[in-house]
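For reference, the structure I am asking about is given below.
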Amino acid sequence: MALSFLLLLFVPFIFLLHSLYYRLRFRLPPGPRPWPVVGNLYHIKPVRFRCFAEWAQIYGPIISVWFGSTLNVVISNSELAKEFSREGQDLIWADYGPHYVKVRKVCTVELFSSKRLEALRPIREDEVTAMVESIYIHCIDPEVKLGKTLLVKKYLGAVAFNNITRLAFGKRFVNSEGVIDKQGQEFKAIVANGLKLGASLAMAEHIPWLRWMFPLDEEAFAKHGARRDSLTRDIMEEHTLARQKSGGAAKQHFFDALLTLKDKYDLSEDTIVGLLWDMITAGMDTTAVSVEWAMAELIKNPRVQHTAHEELDRVIGTQRIITELDFPNLPYLQYIAKEAMRLHPATPLMLPHRSNSNVKINGYDIPKGSNVHVNVWAIGRDPQVWKNALEFRPERFIEEDVDMKGHDFRLLPFGAGRRVCPGAQLGINLVTSMIGHLLHHFEWAPREGVLAEEIDMGENPGLVTYMRTPLEAVATPRLPKFLYKRVAVDM
Ligand code: HEM
């Protein structure tokens, strides 16, 4: 009893001292007034990037938000994002040590080289055509009357899942009937559990003083790690055996590439396992949600859908399917992907970047140890930068094409600077290919009984932005029957 009372007095007192120190020592960006101990945690609405964008309207484009005793600085305009990126060149980020530099180099130079991306194209095209085939089967199923609604993310998720497991391990866990094997189920369960554990970190991380009240379930973390390692090592062993049997010919997927590069870069087995899982976590849902948002916009905007159909029919026609090699001749399709990612970046606050030294941005201090978030969602909708910012209008990029791979700070769905997404080109290819096939093969309308303007464009909370109400739609085939076959490859 006495101890609780002391703690009740002591904790806010320490907090007050801490915030007084910050206020006297630094000129911090403005922001909502923090409460003792919890900071602004209780003010933050669940969909954080919307909440931060609202606060930016009140306090300006650079704001302070306290997660417990951790200062988070949120930047919401393109000029400051650029300044931050420039300042970032001189910073050492928390995990930006020699190990990170090495692993990052393996990613950019080796795994995501344009040669390898091209070599892996057949896998992407296999998966995208498999998606088209399964949607078609749904459409023509005699049990299902034509015009039956489908849950779009089910099909998009399958492409993203199969693509990433084949890319990482050279393994498809789902058979041609769409049945997922035991290993695949374990794989999915591990991904879901990883997300759950990640979310549970939040409270303990932000309020270190209260960590005793929210103890980390260390056992659950250890179990998760062991489960992940065991599955990965089983797959690795199977793979090594198969490789020996086939005479040792190396394939293009990441696991084989990493084994080949093991000595050159001095990579431990743990590093290889960690890297493969980073790819899986970062590259799976981001791709699927980007396409789901694009399809929602296309259904809400029949004019855009119609223009895209015209382009596809003119360039590809109705006697063959599109491939990634057609992209340069399909500018409108590429602008659709870009416009969707402008309005709906998959990770609206990017990844938090932590400063390891004191920095000044726009005259404000960002002290060492703070987290910096760039609200790319708000930047993509900034009326100072974008004409009719909230309108889904791919034509804007005909007027001025804007880079989206981190060079132009008005459009940052893949981030920018040192930590820019290494999978950006792969993501763009897959997203564009999925949208292209979905449009070329089908006409899209809202689910029965729902008007286009009634489609819920709200978001779910979380690092990756899912639609709050998963998109349901009706697909009507528009090409000859023989074009709805999966183009399967064995690689
Ligand atoms: C449309 C799809 C994708 C989007 C929108 C996307 C977006 C992003 C963003 C915003 C970041 C953080 C950048 C920053 O904070 O500066 C990131 C990081 C990352 N992405 Fe992607 N990504 C996509 C696809 C992929 C794919 C397909 C892969 C791999 C197979 C991948 C692998 C990664 C990795 C490993 C990182 C961490 C990089 C680091 O910390 O150095 N991403 N991505």
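Treat the numbers as computed from the prediction; the structure is a model and nothing was measured. Hydrogens, waters and symmetry mates play no part in the numbers below; they use all other heavy atoms, side chains included. In each ligand, atom 1 is the first atom listed, and ligand 1 is the first ligand listed.
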Q: Starting from atom 1 (C) of ligand 1, find the nearest protein heavy-atom neighbour and note its residue, name and distance.
A: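 Answer for atom 1 (C) of ligand 1: S290 OG, 3.6 Å.
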
(Q) Suppose I only count heavy atoms of T347 and a 4.0 Å limit; which atoms of ligand 1 are within that range? (A)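 Matching atoms, with element in brackets: 9 (C), 10 (C).
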
Q. Has the side chain of N163 got a donor or acceptor atom that lies under 3.5 Å from a matching backbone atom of E127?
A.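 Absent.
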
Q) Which of the atoms in ligand 1, numbered in the order shown and given with their element, are less than 4.0 Å from a heavy-atom of M350? A)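 Those qualifying, in numeric order: 14 (C), 15 (O), 16 (O).
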
Q.
Does ligand 1 come near enough to R419 that some N or O of the ligand is less than 3.5 Å from an N or O of the residue?
A.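 Yes; at least one N/O pair falls below 3.5 Å.
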
Q.
Between S268 and T271, is there a side-chain donor-acceptor contact under 3.5 Å, judged purely by atom types and distance?
A.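 The criterion, which ignores hydrogens and geometry beyond distance, is satisfied for S268 and T271.
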
Q: Run the numbers for me: atoms of ligand 1, each under 4.0 Å from some heavy atom of A346, listed by number.
A: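 What qualifies from ligand 1 is 5 (C).
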
(Q) Using a 4.0 Å cutoff against the non-hydrogen atoms of T286, which atoms of ligand 1 qualify? (A)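 Those of ligand 1 that fall under 4.0 Å from T286 are 1 (C), 2 (C), 3 (C), 4 (C), 23 (C), 24 (C).
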
(Q) Using heavy atoms and a 4.0 Å limit, tell me yes or no: is H353 in contact with ligand 1? (A)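 The answer is yes: ligand 1 sits under 4.0 Å from a heavy atom of H353.
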
Q) For atom 41 (O) of ligand 1, what's the nearest protein heavy atom and its distance? A)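 Its nearest protein heavy-atom neighbour is Y100 OH, 2.2 Å.
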
(Q) Starting from atom 26 (C) of ligand 1, what is the nearest protein heavy atom, named by residue and atom, and what distance separates them? (A)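 Nearest neighbour among protein heavy atoms for atom 26 (C) of ligand 1, to 0.1 Å: G283 CA, 3.3 Å.
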
(Q) Counting non-hydrogen protein atoms only, what is the nearest one to atom 29 (C) of ligand 1? Give residue, atom name and distance. (A)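 Ranking protein heavy atoms by distance from atom 29 (C) of ligand 1, first comes F112 CZ, 3.5 Å.
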
Q | Heavy atom of the protein closest to atom 42 (N) of ligand 1 (residue, atom name, distance) | A |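 Answer, as residue, atom name and distance: C421 SG, 3.1 Å.
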
**Q.** Atom pair CD/CD1 of E339 and I336 - distance to nearest 0.5 Å
**A.**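 It comes to 9.5 Å.
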
Q: Distance to 0.1 Å, residue and atom name: give those for the protein heavy atom nearest to atom 19 (C) of ligand 1.
A: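 The closest heavy atom on the protein side is P422 CD, 3.7 Å.
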
**Q.** Numbered atoms of ligand 1 (with element) below 4.0 Å of A416, judged on heavy atoms
**A.**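 Those of ligand 1 that fall under 4.0 Å from A416 are 16 (O).
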
Q) Is the gap between the ring centers of H441 and Y136 under 6.0 Å? A)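 H441 vs Y136: aromatic centres not under 6.0 Å.
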
Q.
List ligand 1 atoms under 4.0 Å from P413, heavy atoms only on the residue side.
A.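 What qualifies from ligand 1 is 5 (C), 7 (C), 10 (C).
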
Q: Check each heavy atom of L412 against ligand 1 and say whether those closer than 4.0 Å belong to the side chain, the backbone, both or neither.
A: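 None of L412 does.
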
Q. Under 3.5 Å, is there a donor-acceptor pair linking the side chains of N460 and R468?
A.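 Not at all, the side chains of N460 and R468 share no donor-acceptor pair under 3.5 Å.
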
**Q.** Nearest-neighbour protein heavy atom for atom 38 (C) of ligand 1, which is reported as residue plus atom name and distance
**A.**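 Result for atom 38 (C) of ligand 1: R104 NH1, 3.5 Å.
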
Q: For atom 32 (C) of ligand 1, find the nearest protein heavy atom and state the residue, atom name and distance (0.1 Å precision).
A: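 The closest one turns out to be A282 CB, 3.5 Å.
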
Q) What do you reckon, does I280 put a non-hydrogen atom under 4.0 Å from ligand 1? A)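 I280 does not count as a contact of ligand 1 under the 4.0 Å cut-off.
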
Q. Is there a heavy atom of G417 sitting under 4.0 angstrom from any atom of ligand 1?
A.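 So G417 does not count as touching ligand 1.
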
Q: May I ask you to list the atoms of ligand 1 that are less than 4.0 angstrom from any heavy atom of L426?
A: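 Within the 4.0 Å cut-off of L426, ligand 1 contributes 27 (C), 30 (C).
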
